[in-house]
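These values consider heavy atoms only, across backbone and side chains, with no hydrogens, waters or symmetry-generated copies. Worth saying up front: this structure is predicted, and the values here are computed from it rather than measured.
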Amino acid sequence: MSKAWQKLNLEGGGLQAVNAILANEMRSRTRAYAAWVLFPLGLHRFYLAEPRGGAAFLVLSVLTAGAAWLAPAWWWLLPSALLAALAVHDLFWIDRRVVAYNKQLRMQLFLRKGKKPPTDYRGRYTDEQDAESITRDLADYQALKENERAGHVPAPREGSGSLDPTKRRRQPSFNEQETLLRELAKKRRGR
């Protein structure tokens with residue numbers, strides 16, 4: 001399958017845009033561990049959006065090199081031991097950080113506030129539908145839901161049609177069901 005969808009930028013155009021952003025921004029364990037191989041440079045920390053940790057690795061590497069060059073023979077062991085301990089710690093830290101970073105990124109993208117629908121948006125309902133047809137649809141929908149049980153499709157009621165699908169009324173869409181439920185809730189609050 002082509003990965004061309006990952007290069008599309010739909011600028012807030014729904015789930016596909018979020019998935020494209022995630023494909024570009026999520027961190028991978030493989031790349032993080034490959035960058036860890038060069039741990040004296042701290043590349044794995046920079047890759048995982050931890051610039052302070054990456055800078056700490058760089059400073060310790062410079063201190064180790066400086067101590068090995070300028071100080072007596074054993075002084076370079078102190079910063080190099082600290083650098084090695086941090087590198088071993090990061091072998092276990094990388095996995096947790098990749099998971100945390102990707103989770104934070106997903107939450108940031110999926111929980112962001114979206115654009116509101118237009119004020120006159122009413123799902124599939126059009127302005128031509130009158131209040132009487134909406135009320136009738138609401139009553140039909142309420143009766144249908146009251147007769148349903150989990151996993152059970154109720155038999156048709158008297159006068160509602162037969163089992164022949166060509167003679168039955170169509171099932172309301174998700175938006176229509178939501179609108180009907182909102183209307184039902186308004187009526188119950190009004191009692």
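Atom CD of E176 and atom CG of L181 lie 12.0 Å apart (nearest 0.5 Å).
The backbone N or O of L91 sits less than 3.5 Å from a side-chain atom of Y33, completing a donor-acceptor pair. For the pair W36 (side chain) and D90 (backbone), a donor-acceptor distance under 3.5 Å is absent.
With hydrophobic clusters built from ILVMFWY side chains whose heavy atoms lie under 4.5 angstrom apart, L48 does not share a cluster with F46.
Salt bridge E178/R182: present, at least one basic N to carboxylate O contact under 4.0 Å.
L43 is linked by a side chain to side chain contact (heavy atoms under 4.5 Å, CB included) to A35, L38, L41, counting only residues two or more places apart in sequence or in another chain.
In this structure, the side chains of F39 and L83 come closer than 4.5 Å at one or more pairs of heavy atoms.
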Check: residues 50-63 side-chain donor-acceptor pairs under 3.5 Å, at least two apart:
residue: S61; atom: OG; partner: P40; partner atom: O; Å: 2.6
residue: S61; atom: OG; partner: F57; partner atom: O; Å: 2.9

Would you be so kind as to tabulate the donor-acceptor pairs closer than 3.5 Å made by side chains of residues 101-110, with sequence neighbours excluded?
residue: N102; atom: OD1; partner: R27; partner atom: N; Å: 2.8
residue: N102; atom: ND2; partner: R27; partner atom: O; Å: 3.0
residue: N102; atom: ND2; partner: V98; partner atom: O; Å: 3.4

Subject >> Worked verdict on V99 versus R29 for side chain to side chain contact (heavy atoms under 4.5 Å, CB included) >> reply: CA-CA 9 Å; V99 169; R29 287 179 183 86; 3.0 Å; yes
